[in-house]
Amino acid sequence: MPELAEVEYFRKRWNPGLGNRITEVESHPKARVFRGSHPKDLVATLTGSRLLASEAHGKQMLFRFDGATLGVHLGMTGELRCEGPKFVAGKHDHLVLWQKSRALVFSDPRLFGRLLFQPGAGDPDWWIDRAPGVLSKEFSLSAMAAFLQRRRRTAIKSILLMQETFPGVGNWMADEILWQARIDPATPGGKIEDVAGLRKTTRSVCRKALKIIGTDWSDPPTSWLFSHRWKEGGYCPRCGLELARDTIGGRTTCWCAHCQKG
DNA sequence: TCTCGTGTTTCTTG
DNA sequence: TCAAGAAACACGAG
């Protein structure tokens with residue numbers, strides 16, 4: 001499920017553990033989610049350490065402990081949750097950080113998610129080098145226009161999914177942005193006339209999604225494409241005509257052929 | 001039984 | 001060398 005807003009929601013689910021010590025670490029060290037890091041070091045270093053803070057950026061999260069950082073990417077089916085002291089890990093619970101009165105759990109059935117552990121006090125390079133957030137000041141019109149020009153032949157739907165420039169935008173958000181901006185998802189990047197308008201809509205969808213979903217997993221209003229896009233046979237909440245569905249850039253894409261023009 | 005998927009990386013093709 | 005598309009990863013839901 002996780003795009004920017006869902007990631008923020010999941011990040012906060014470990015908040016009850018802030019400031020508290022990890023008494024025990026339970027992990028499935030051979031799980032694919034540990035690729036690229038060393039789960040043995042993770043268990044050794046995190047046991048006895050304290051969870052200090054967390055941040056989300058796009059689809060990435062960083063949890064700071066005294067003496068280490070833990071990066072979490074949820075992939076397609078990852079989730080974080082907080083369980084009580086009697087919790088028993090299931091087969092998809094690949095990491096459990098035990099505290100005195102709770103368990104902080106990472107689970108992911110499909111194993112597309114990833115845990116990046118780094119010992120030491122400093123932030124990892126991949127966190128320092130991240131792309132400017134869509135809602136930040138650095139997400140400028142000129143940078144976005146240059147990027148669309150560089151990808152001038154690629155469908156705008158595919159461009160919006162590129163994390164190097166639109167961190168946190170995922171499949172449903174890309175569809176929502178293009179529907180709200182009334183742009184046909186197959187439009188090549190170089191043919192976007194109102195780049196400023198697209199930028200504004202991108203920021204607005206991200207801001208509102210964070211507020212609505214990021215807070216308590218509420219659904220966006222029914223006036224959005226969001227609740228109409230999931231299955232075949234939905235209708236455009238703006239004009240009432242049947243929505244189109246097709247694969248663009250390898251991903252299921254839903255749009256209104258009447259409202260959205262190239 | 002079969003298809004599909006709210007993501008990323010790697011391979012292949014142009 | 002670069003960009004774009006396809007395949008691969010792995011599992012549960014419908």
Side-chain angles (χ1 to χ4, degrees), chain A residues 1-11 13 28 30-37 56-61 71-81 89-94 106-116 124 126-127 129-131 134 146-180 185-191 202 205-206 208-210 212-214 217-220 224-234 243 245-255:
Chain A
M1 313 185 171
E3 301 181 26
L4 168 120
E6 291 92 345
V7 168
E8 176 61 9
Y9 172 79
F10 281 125
R11 180 188 69 82
R13 286 179 117 188
H28 296 165
K30 279 187 259 175
R32 209 178 101 90
V33 293
F34 290 105
R35 63 198 182 281
S37 63
H57 185 263
K59 296 176 190 173
Q60 287 282 1
M61 286 174 272
V72 179
H73 192 295
L74 297 170
M76 288 271 249
T77 51
E79 66 170 44
L80 298 181
R81 49 187 212 281
K91 82 168 170 178
H92 300 307
D93 301 324
H94 307 295
F106 167 82
S107 63
D108 182 9
R110 233 171 129 179
L111 301 173
F112 290 173
R114 193 168 184 188
L115 296 170
L116 283 173
W126 59 264
W127 182 257
D129 299 336
R130 66 214 153 128
V134 168
F147 191 71
L148 294 193
Q149 203 47 43
R150 194 175 130 210
R151 306 284 177 159
R152 70 185 81 92
R153 280 189 285 274
T154 305
I156 187 62
K157 165 67 187 269
S158 302
I159 297 176
L160 286 176
L161 294 175
M162 294 177 177
Q163 300 300 297
E164 62 197 278
T165 305
F166 299 95
V169 175
N171 204 34
W172 79 255
M173 284 183 107
D175 283 359
E176 186 69 45
I177 290 163
L178 293 172
W179 179 80
Q180 291 196 19
T187 309
K191 294 273 172 63
T202 301
V205 168
C206 288
K208 288 175 188 160
L210 267 175
I212 299 165
I213 300 170
W217 201 273
S218 301
D219 281 342
W224 280 29
L225 177 67
F226 180 84
S227 49
H228 309 268
R229 71 175 297 281
W230 300 105
K231 50 185 187 292
E232 205 127 3
L243 293 165
R245 289 170 73 82
D246 203 350
T247 299
I248 296 177
R251 308 300 303 281
T252 300
T253 300
C254 176
W255 75 101

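Chain letters run A, B, ... following the sequence lines, proteins first, then strands; residues in each count from 1.
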Main-chain N/O of [Y] paired to [X] side chain as donor or acceptor, under 3.5 Å:
X      : Y      : value
A:R32  : A:L111 : yes
A:N171 : A:T252 : yes
A:H94  : A:D108 : yes
A:R152 : A:Q149 : yes
A:R114 : A:R35  : yes
A:Q163 : A:G168 : yes

Once you round it to whole Å, what is the distance between [atom2] of [N] and [atom1] of [X]?
X      : N      : atom1 : atom2 : answer
A:E3   : B:dG5  : CD    : P     : 14 Å
A:I248 : B:dG7  : CD1   : C1'   : 18 Å
A:E164 : B:dT8  : CD    : P     : 12 Å
A:F166 : B:dG7  : CZ    : C1'   : 17 Å
A:L160 : B:dG7  : CG    : P     : 12 Å
A:L161 : B:dT8  : CG    : C1'   : 11 Å
A:K59  : B:dT9  : NZ    : C1'   : 13 Å
A:D93  : C:dC11 : CG    : C1'   : 15 Å

Is there a side-chain contact between [X] and [Y], using heavy atoms and a 4.5 Å cut-off?
X      : Y      : value
A:T165 : A:R151 : no
A:F166 : A:T202 : yes
A:R229 : A:W179 : no
A:E6   : A:W172 : yes

Using the [atom1] atom as the reference point in each nucleotide, state the distance between [N] and [M] in Å, no decimals.
N      : M      : atom1 : answer
C:dA10 : B:dC11 : P     : 15 Å
C:dT1  : B:dT9  : P     : 22 Å
B:dT3  : C:dA7  : P     : 15 Å

Check each residue of residues 108-116 of chain A for a non-hydrogen atom within less than 4.0 Å of any atom in DNA chain B, then write out the ones that pass by number, or none. A:R110, A:F112
Give me the distances for all protein-to-nucleotides 3-6 of chain C N/O pairs that come in under 3.5 Å?
from: C:dA3; atom 1: OP1; to: A:R150; atom 2: NE; distance (Å): 3.3
from: C:dA4; atom 1: OP1; to: A:T154; atom 2: OG1; distance (Å): 2.7
from: C:dA4; atom 1: OP2; to: A:R151; atom 2: NH1; distance (Å): 3.0
from: C:dA4; atom 1: OP2; to: A:T154; atom 2: OG1; distance (Å): 3.1
from: C:dA4; atom 1: O5'; to: A:T154; atom 2: OG1; distance (Å): 3.1

Starting at the 5' end of DNA chain B, what dot-bracket string do you get if Watson-Crick and G-U pairs under 3.5 Å are bracketed, crossing pairs use [ ], other-strand pairs use | and unpaired bases use dots? .||||.||||||||
Compute whether any side-chain donor of one residue and acceptor of the other, for A:D246 and A:T253, lie under 3.5 angstrom apart. no
Out of C:dG12, B:dG5, C:dC9, which nucleotide sits closest to the side chain of A:R32? C:dC9
Looking at A:R245 and A:D175, is any side-chain nitrogen of the basic one under 4.0 Å from a carboxylate oxygen of the acidic one? no
Using OP1 and OP2 only, check whether a side-chain N or O of A:H92 sits under 4.0 Å from C:dA10. no
